[in-house]
Visitor: 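Please read through the structure below; I'll follow up with questions.
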Amino acid sequence: MPELPEVETLCRQLRELIAGKKILAIRILDSKLENIENLEGRTIRLPCRAGKCLHFRLDDGRVLMLHLRMTGRLLWQTDQPVPASHTRFIMQFDCGRLDLIDPRRFATLGVQNENPAPKAEFDPLNNFSPRLLWERGGKKILPIKSFLMDQRYIAGIGNIYACEILHEISISPRRKTSDLSLAEWRKLVIAARDILNKAITCRGTTVSDWRDLFGQKGEYQNHLRVYAKEGEPCCHCGGIIERVKLSGRGTYFCPACQL
DNA sequence: CCCTATGTTCCCAA
DNA sequence: CTTGGGAACATAGG
């Protein structure tokens with residue numbers, strides 16, 4: 001479930017708790033998860049986010065990588081000795097315990113020996129140049145929403161924020177990527193940064209079960225304008241929000257003003 | 001029973 | 001090679 005703002009929220013909360021801390025013990029409670037050797041005794045450096053992925057660099061140079069996929073959650077526990085149901089992985093520190101909870105068991109855990117190369121060409125909060133996006137998208141005839149959500153191109157944007165960003169700039173999710181003008185890419189870059197940063201400030205979007213590291217709901221669901229708003233009036237033009245299927249995903253937009 | 005789900009990957013067809 | 005569609009992964013909830 002988590003997209004960039006949710007993973008960033010976890011990352012910031014983790015930095016306060018486990019940067020520089022030693023892993024006392026781990027427990028893997030799901031045979032689907034990769035068995036990771038020799039984590040005990042290692043110290044975690046500053047946790048980092050890469051798209052929707054969390055990277056925990058260790059003092060021996062290895063990098064523990066966690067992707068939460070659809071239903072993965074991280075929960076910080078200090079006084080609950082019994083893990084919640086669907087707990088798949090536990091890391092014990094002297095100050096508390098980090099639990100990975102994942103009902104659908106899609107989350108992935110892995111270790112690499114060195115820093116992984118960036119997976120995406122663009123990052124909405126760092127290198128997000130309208131001109132480079134315009135050049136890159138210039139020959140793509142796929143829908144702009146599919147382009148925004150493709151993690152090979154752009155890091156961290158998923159279904160909720162793709163819908164919100166496109167609505168903000170009044171562009172249809174079905175528009176061909178190559179149709180966007182440089183001016184439209186400029187608007188997109190600004191809208192993406194605004195929306196994602198605001199969502200980070202709100203600690204993410206809780207429409208069903210997203211929770212932060214301490215089990216708290218986010219607040220950005222109170223600012224959504226199209227996602228899960230089928231049948232409601234558009235805040236820009238009063239048109240009725242529709243839901244269609246695009247790239248296999250429920251897609252919310254205003255057919256009256258998103259052209 | 002039906003459908004849906006904030007993600008990714010793989011296979012197949014056009 | 002590019003794109004789109006569907007299934008798969010596994011589970012909960014409406």
Visitor: Need to verify one output field. Residue with the more 5' nearest nucleotide on DNA chain B, Lys119(A) or Pro2(A)?
Guide: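 Result: Pro2(A).
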Visitor: Output the rounded distance in Å from CE (Met1(A)) to C1' (dG7(B)).
Guide: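 Computing the Met1(A):CE to dG7(B):C1' distance gives 11 Å.
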Visitor: At 4.0 Å (heavy atoms only), tell me whether Arg152(A) reaches a base, stays on the sugar-phosphate, or touches nothing.
Guide: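 Nothing, no heavy atom under 4.0 Å.
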Visitor: Rounded to whole angstroms, how far apart are CG on Leu246(A) and P on dG7(B)?
Guide: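 Computing the Leu246(A):CG to dG7(B):P distance gives 14 Å.
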Visitor: How far does the P atom of dA5(B) sit from the matching atom of dG5(C), given to the nearest Å?
Guide: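 Result for the P pair: 16 Å, nearest Å.
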Visitor: If Ile, Leu, Val, Met, Phe, Trp and Tyr residues are connected whenever their side-chain heavy atoms lie under 4.5 Å apart, and connections chain through other members, are Leu74(A) and Leu39(A) in the same group?
Guide: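 Yes; tracing contacts between hydrophobic side chains, which count when under 4.5 Å, links both residues.
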Visitor: Step by step, would you call Asp60(A) with Arg62(A) a salt bridge (Lys or Arg N to Asp or Glu O under 4.0 Å)?
Guide: CA-CA 6 Å; Asp60(A) 63 6; Arg62(A) 291 183 299 163; 2.9 Å; yes
Visitor: Please determine whether a side-chain nitrogen or oxygen atom of His86(A) lies at a distance below 4.0 Å from atom OP1 or OP2 of dA12(C).
Guide: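 So the side-chain polar atoms of His86(A) do come within 4.0 Å of the phosphate oxygens OP1 or OP2 of dA12(C), strictly under.
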Visitor: Does Leu75(A) belong to the same Ile/Leu/Val/Met/Phe/Trp/Tyr cluster as Phe106(A), with side-chain heavy atoms less than 4.5 Å apart forming each link?
Guide: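 No, no single cluster joins them.
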Visitor: Assert yes or no for the condition that the ring centre distance of Phe122(A) to Tyr153(A) is strictly below 6.0 Å.
Guide: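 No: the rings miss the under 6.0 Å criterion.
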Visitor: Roughly how far apart, to the nearest Å, are dC1(B) and dC9(C) at atom C1'?
Guide: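 One C1' to the other, the span is 22 Å.
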Visitor: Looking at the side chain of Lys176(A), which of dT6(B), dG7(B), dG4(C) is the nearest nucleotide?
Guide: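 Selected nucleotide: dG4(C).
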Visitor: So if I take every side-chain heavy atom of His67(A) and compare against dA5(B), dT8(B), dT6(B), which nucleotide ends up nearest?
Guide: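 Side chain of His67(A) sits closest to dT8(B).
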Visitor: Of the nucleotides dT6(B), dT3(C), dA12(C), which one has an atom closest to the side chain of Ser208(A)?
Guide: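 Taking heavy atoms from C-beta onward, the closest nucleotide is dT6(B).
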Visitor: From dC9(C), dT6(B), dT4(B), pick the nucleotide closest to the side chain of Arg104(A)?
Guide: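 Looking only at side-chain atoms, Arg104(A) lies closest to dC9(C).
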Visitor: Please give, in whole Å, the distance from dG5(C) P to Lys145(A) NZ?
Guide: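 Those two atoms, NZ and P, are 12 Å apart.
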Visitor: Please report, rounded to the nearest Å, how far the P atom of dT9(B) is from the CZ atom of Arg69(A).
Guide: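 The answer, rounded to whole Å, is 6 Å.
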Visitor: Which nucleotide in the set dT3(C), dT6(B), dT4(B) lies at the smallest distance from any side-chain heavy atom of Ile160(A)?
Guide: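 Between dT3(C), dT6(B), dT4(B), the one nearest the side chain of Ile160(A) would be dT6(B).
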Visitor: dA10(C) and dC10(B): how far apart are their P atoms, nearest whole angstrom?
Guide: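 That atom pair is separated by 15 Å.
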Visitor: Just how far, in rounded Å, is P of dT3(C) from CZ of Arg175(A)?
Guide: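 So the CZ-P distance, Arg175(A) to dT3(C), works out to 17 Å.
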Visitor: Under a plain distance cut-off of 3.5 Å, with no hydrogens placed, do Tyr220(A) and Thr201(A) share a side-chain donor-acceptor pair?
Guide: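 Looking only at side-chain atoms, Tyr220(A) and Thr201(A) do not form any donor-acceptor pair under 3.5 Å.
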Visitor: Is Lys52(A) near enough to dG7(B) that one of its side-chain N or O atoms lies under 4.0 angstrom from OP1 or OP2?
Guide: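 Checking Lys52(A) against dG7(B): at least one side-chain N or O falls below 4.0 Å of OP1 or OP2.
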Visitor: Could you work out the separation of dT8(B) and dC1(C) based on their P atoms and round it to a whole Å?
Guide: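 Nearest-Å result for dT8(B) against dC1(C) at atom P: 24 Å.
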Visitor: Provide the distance between the two C1' atoms, one in dG4(C) and one in dT6(B), to the nearest whole Å.
Guide: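 Comparing C1' positions in dG4(C) and dT6(B) gives a spacing of 22 Å.
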Visitor: For Tyr227(A), which contact category applies under a 4.0 Å heavy-atom criterion: base, sugar-phosphate, or nothing?
Guide: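 Contact class for Tyr227(A): sugar-phosphate only.
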Visitor: Nearest of dA5(B), dT3(C), dA12(C) to any side-chain atom of Tyr252(A)?
Guide: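 Looking only at heavy atoms from C-beta outward on Tyr252(A), the closest nucleotide is dA5(B).
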Visitor: Contact class for Gly250(A) vs. all strands (heavy atom < 4.0 Å): base, sugar-phosphate, or nothing?
Guide: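 Gly250(A): backbone/sugar contact only, no base atoms under 4.0 Å.
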Visitor: Just how far, in rounded Å, is P of dT4(B) from CZ of Arg249(A)?
Guide: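 Checked: the CZ to P distance equals 13 Å.
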Visitor: For Ile141(A), answer base if it contacts any base atom (sugar-phosphate contacts may also be present), sugar-phosphate if it contacts only those atoms, and nothing otherwise; contact means non-hydrogen atoms under 4.0 Å.
Guide: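 Sugar-phosphate contact only - Ile141(A) comes under 4.0 Å of backbone atoms but never of a base.
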Visitor: Touch check for Gly248(A), heavy atoms < 4.0 angstrom, all strands: base, sugar-phosphate only, or nothing?
Guide: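 Gly248(A): no heavy atom of the nucleic acid under 4.0 Å.
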Visitor: With the six-membered base ring of dA10(C) as reference, does the ring of Phe106(A) sit under 5.5 Å away with planes under 30° apart?
Guide: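 A stacking contact does not exist, since Phe106(A) is not both close and nearly parallel to the base ring of dA10(C).
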Visitor: For the pair made of CG in Leu142(A) and C1' in dA14(B), what is the distance, rounded to whole Å?
Guide: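 In whole Å, dA14(B) C1' and Leu142(A) CG are 16 Å from each other.
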Visitor: Partner lookup for dT6(B), please. Criteria are Watson-Crick or G-U wobble with both distances under 3.5 angstrom; report none if nothing qualifies.
Guide: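 For dT6(B), the partner nucleotide comes out as none, under the 3.5 Å rule.
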Visitor: With clusters defined by side-chain heavy atoms of hydrophobic residues (ILVMFWY) lying less than 4.5 Å apart, directly or transitively, does Ile154(A) cluster with Leu196(A)?
Guide: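 The answer is yes; both residues are in one hydrophobic cluster.
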Visitor: In the structure shown, which nucleotide is the Watson-Crick or G-U wobble counterpart of dA13(B), with both distances under 3.5 Å?
Guide: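 Paired with dA13(B), as far as the under-3.5 Å criterion goes, is dT3(C).
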Visitor: Using a heavy-atom cut-off of under 4.0 Å over every strand shown, decide if Pro143(A) touches base, sugar-phosphate, or nothing.
Guide: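 Touches sugar-phosphate only.
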Visitor: dG7(B) P sits how many Å from Leu4(A) CG, rounded?
Guide: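 Taking CG of Leu4(A) and P of dG7(B), I get 11 Å after rounding.
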Visitor: Salt bridge (Lys or Arg N to Asp or Glu O under 4.0 Å) between Glu6(A) and Arg203(A): does it pass, once the steps are laid out?
Guide: CA-CA 6 Å; Glu6(A) 290 75 29; Arg203(A) 295 175 4 270; over 6 Å; no
